[in-house]
Amino acid sequence: MALKRRQRISPGFSMSSMTDLIFLLLIFFMITSTMVSPNAIKVLLPQGSQQTSAKPMARIIIDRNLNYYGAFGNEDEMPLFIDEVTGFLQDCAAREPEMYVALYADESVPYREIVRILNIANENHFKMVLATRRPDKK
């Protein structure tokens with residue numbers, strides 16, 4: 001009885017499927033990371049040398065025309081009146097009790113407007129972070 005020997009199985013490992021998988025994961029993370037829009041409203045922030053590691057959940061934005069905007073998480077900014085800021089922040093605190101509030105104020109905004117927001121945060125015991133831009137590298 002003559003048995004024919006089948007083809008020999010190669011002990012090598014093919015990396016082609018692994019590189020395809022890594023490439024697809026890279027594309028997935030690149031696409032999902034571009035979906036996050038940090039600030040749609042252009043505000044020229046003052047410079048600051050210290051950076052915080054706190055991740056703010058709520059944002060209050062004051063532009064150079066003293067227009068107020070608010071946003072929670074990755075939501076889009078919505079226009080607010082100054083008397084609506086307290087209610088907006090309380091709604092955000094109800095959704096996330098341990099939230100930080102980031103204040104983005106244009107550098108031309110009068111200091112009294114910034115203090116108004118800081119007072120609202122202080123009265124309601126919110127943790128507040130002032131957003132700044134990094135200093136220019138020389």
Side-chain angles (χ1 to χ4, degrees):
M1 182 175 208
L3 293 176
K4 292 186 179 178
R5 191 167 216 177
R6 294 185 182 176
Q7 291 181 346
R8 187 169 226 163
I9 297 174
S10 173
F13 179 73
S14 174
M15 288 292 291
S16 62
S17 61
M18 185 68 72
T19 55
D20 290 344
L21 181 65
I22 298 298
F23 184 66
L24 289 174
L25 285 173
L26 177 67
I27 291 173
F28 172 75
F29 286 117
M30 286 174 42
I31 290 173
T32 57
S33 67
T34 58
M35 288 183 187
V36 178
S37 62
N39 282 341
I41 300 169
K42 298 298 177 199
V43 176
L44 181 60
L45 297 173
Q47 287 186 358
S49 60
Q50 297 293 323
Q51 299 293 323
T52 182
S53 61
K55 178 83 171 142
M57 291 298 295
R59 298 183 307 275
I60 299 294
I61 302 160
I62 308 173
D63 66 8
R64 69 175 55 191
N65 299 324
L66 300 181
N67 296 318
Y68 291 83
Y69 301 91
F72 181 78
N74 292 332
E75 296 173 358
D76 291 336
E77 293 84 6
M78 59 182 207
L80 297 172
F81 292 108
I82 185 64
D83 54 346
E84 295 175 329
V85 171
T86 304
F88 170 75
L89 290 176
Q90 287 172 346
D91 290 343
C92 292
R95 292 164 68 180
E96 180 63 42
E98 293 296 320
M99 72 168 184
Y100 281 85
V101 180
L103 176 59
Y104 294 85
D106 193 274
E107 65 182 4
S108 64
V109 170
Y111 192 65
R112 69 177 178 275
E113 300 299 322
I114 296 170
V115 171
R116 289 171 88 179
I117 301 298
L118 292 175
N119 285 338
I120 291 171
N122 189 33
E123 291 168 0
N124 293 288
H125 307 289
F126 298 133
K127 298 171 192 164
M128 191 68 135
V129 177
L130 293 174
T132 59
R133 62 183 160 97
R134 291 185 179 157
D136 296 331
K137 303 230 176 177
K138 294 180 181 178

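Since the structure is predicted, the reported quantities are computational estimates derived from the model, not experimental observations.
The side-chain heavy atoms of V101 and R59, taken from C-beta on, include no pair separated by under 4.5 Å. In this structure the side chain of Y100 never reaches within 4.5 angstrom of the side chain of M128, judged on heavy atoms. Two residues are said to be in side-chain contact when any heavy atoms from C-beta on lie closer than 4.5 Å; L103 and I61 fail this criterion. Side-chain contact check for M78 versus L80: some heavy-atom pair is nearer than 4.5 Å. Within the 4.5 Å cutoff, no side-chain heavy atoms of D91 are placed close to those of F72. Counting heavy atoms from C-beta on, the side chains of Y69 and D63 come closer than 4.5 Å. With contacts defined as side-chain heavy-atom distances shorter than 4.5 Å, the pair V109/R64 does not qualify. Residues L66 and I82 are not in side-chain contact: their nearest non-hydrogen atoms beyond the backbone lie 4.5 Å or more apart.
Side chain of N65 to backbone of N67: no donor-acceptor contact under 3.5 angstrom is found. Using a distance-only test at 3.5 Å, with no hydrogens or angles considered, a donor-acceptor pair links the side chain of E84 to the main chain of F81. Judged purely by atom type and a 3.5 angstrom limit, D106 uses its side chain to pair as donor or acceptor with the backbone of S108.
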*Any chance you could lay out the salt bridge (Lys or Arg N to Asp or Glu O under 4.0 Å) test for R116 and E123, step after step, and finish with the verdict?*
CA-CA 11 Å; R116 289 171 88 179; E123 291 168 0; over 6 Å; no
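The structure places OG1 of T86 at 8.0 Å from CD1 of I117, a figure rounded to the nearest 0.5 Å. Atoms CG and SG, from N124 and C92 in turn, are 11.5 Å apart once rounded to the nearest 0.5 Å.
In summary, the side chains of E113 and Y68 do present a donor paired with an acceptor at a separation below 3.5 Å, with no hydrogens or angles considered.
Taking a cutoff of 4.0 Å between a charged side-chain nitrogen and a carboxylate oxygen, E96 and K127 do not qualify as a salt bridge.
Connection of V115 to I120 is not established within any shared hydrophobic cluster, with ILVMFWY side chains joined at heavy-atom distances below 4.5 Å, either directly or through further cluster members.
The two residues I60 and G70 have their closest heavy-atom pair at CD1-CA, 4.3 Å.
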